[in-house]
Amino acid sequence: MEKSEKNIISYAVIVNIIHIVLCLLFYSVRLLGWSQQTVMQLIFFSVEILIWFIAGIMYGLGMKITKIKDGLLFALISLLPILILTGAGAIIGFTSNPEVANWAEFFFLGSAINFWHRPVILLTKFLSNSAYLLFAVNIGILFLVSSFGVNYAISANRMKNKRKKSRKDKEPVKESNEATT
């Protein structure tokens, strides 16, 4: 495995761990009875978006990314675990006998999927038709936000390089002492 692949995976693991901690915080707040308040839901949804945006920025700056495709790859690899889990849950949910598989599916996949997608509960007010539609919207939002974070870092790196280049161009050329002696 190359160094860049290891770094993508390490950044992806870190952002997923931070996301899980956010979900744990949401469940802790839920025990206090505050999770039904729209303000708390908005705060957690905003924090979720902020976490993924900052993760994209940190990856882009830490790896000195210069290509947009690297940012898209980071977003995809970061979301790959939940994509696989949500996809498997959807396939099992749509293809299995609902009378037999509901409880087994819930305890096998559904509880983990619901836990990971908990900060997006605010969107249930707008997308109440299908849980998997809500999950797809959440994954799409996080993909875009983390990609935007990496692209922001790419533009910051370019601006930094332009400033360095313009400083070098403005510095006066020092004459050597050998020509005068």
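Counting from 1, the numbers follow the sequence of the chain as shown.
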Distance check, rounded to the nearest 0.5 Å: [X] atom [atom1] versus [Y] atom [atom2]?
| X | Y | atom1 | atom2 | answer |
| --- | --- | --- | --- | --- |
| S147 | F53 | OG | CZ | 11.0 Å |
| L25 | S28 | CG | OG | 6.0 Å |
| I14 | I9 | CD1 | CD1 | 12.0 Å |
| L24 | H19 | CG | NE2 | 10.5 Å |
| I54 | S146 | CD1 | OG | 12.5 Å |
| N138 | L133 | CG | CG | 11.5 Å |

>> Under 4.5 Å between side-chain heavy atoms, counting indirect links through other Ile/Leu/Val/Met/Phe/Trp/Tyr residues: same cluster for Y27 and M40 or not?
In response: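 The answer is yes; both residues are in one hydrophobic cluster.
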> Are V137 and L80 in one and the same hydrophobic cluster, where Ile, Leu, Val, Met, Phe, Trp and Tyr link if side-chain heavy atoms are under 4.5 Å apart?
Replying inline: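 In one cluster: no.
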Work out which heavy atom in [X] is nearest to a heavy atom in [Y]; give both atom names and the distance.
| X | Y | value |
| --- | --- | --- |
| A156 | L61 | CB-CD2, 4.4 Å |
| A153 | G56 | CB-O, 4.5 Å |
| V15 | A12 | CG1-O, 3.2 Å |
| C23 | W116 | SG-O, 3.5 Å |

[X]: what forms a side chain to side chain contact (heavy atoms under 4.5 Å, CB included) with it, not counting sequence neighbours?
| X | value |
| --- | --- |
| L83 | L76, L79, I139 |
| F45 | E48, I49, V120, L122, L123, I141 |
| K67 | K69, D70 |

> Listed by chain and number, what are the ring-ring contact (aromatic ring centres under 6.0 Å, His included) partners of F44, not counting sequence neighbours?
Replying inline: F26
>> My understanding is that only residues two or more places apart in sequence, or in another chain, count here; which of them pass ring-ring contact (aromatic ring centres under 6.0 Å, His included) with F135?
In response: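 In terms of ring-ring contact (aromatic ring centres under 6.0 Å, His included), with neighbours along the sequence ignored, F135 is linked to H117, Y132.
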> Can you tell me if CZ on F148 sees more than 12 non-hydrogen neighbours from other groups inside 6.0 Å?
Replying inline: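 At most 12 heavy atoms, drawn from other residues, nucleotides or ligands, come within 6.0 Å of this atom.
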> Does anything in residues 67-87 pair up under ring-ring contact (aromatic ring centres under 6.0 Å, His included), and if so which pairs, sequence neighbours excluded?
Replying inline: Y59-F74
> Looking at side-chain heavy atoms only, is the closest gap between L22 and V47 below 4.5 Å?
Replying inline: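 With C-beta onward as the side chain, the pair touches.
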> Side-chain contact, heavy-atom cut-off 4.5 Å: S46 with I43?
Replying inline: no
> Quick check: does any side chain N or O of N151 sit under 3.5 Å from a backbone N or O of I68, one acting as donor and the other as acceptor?
Replying inline: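 No.
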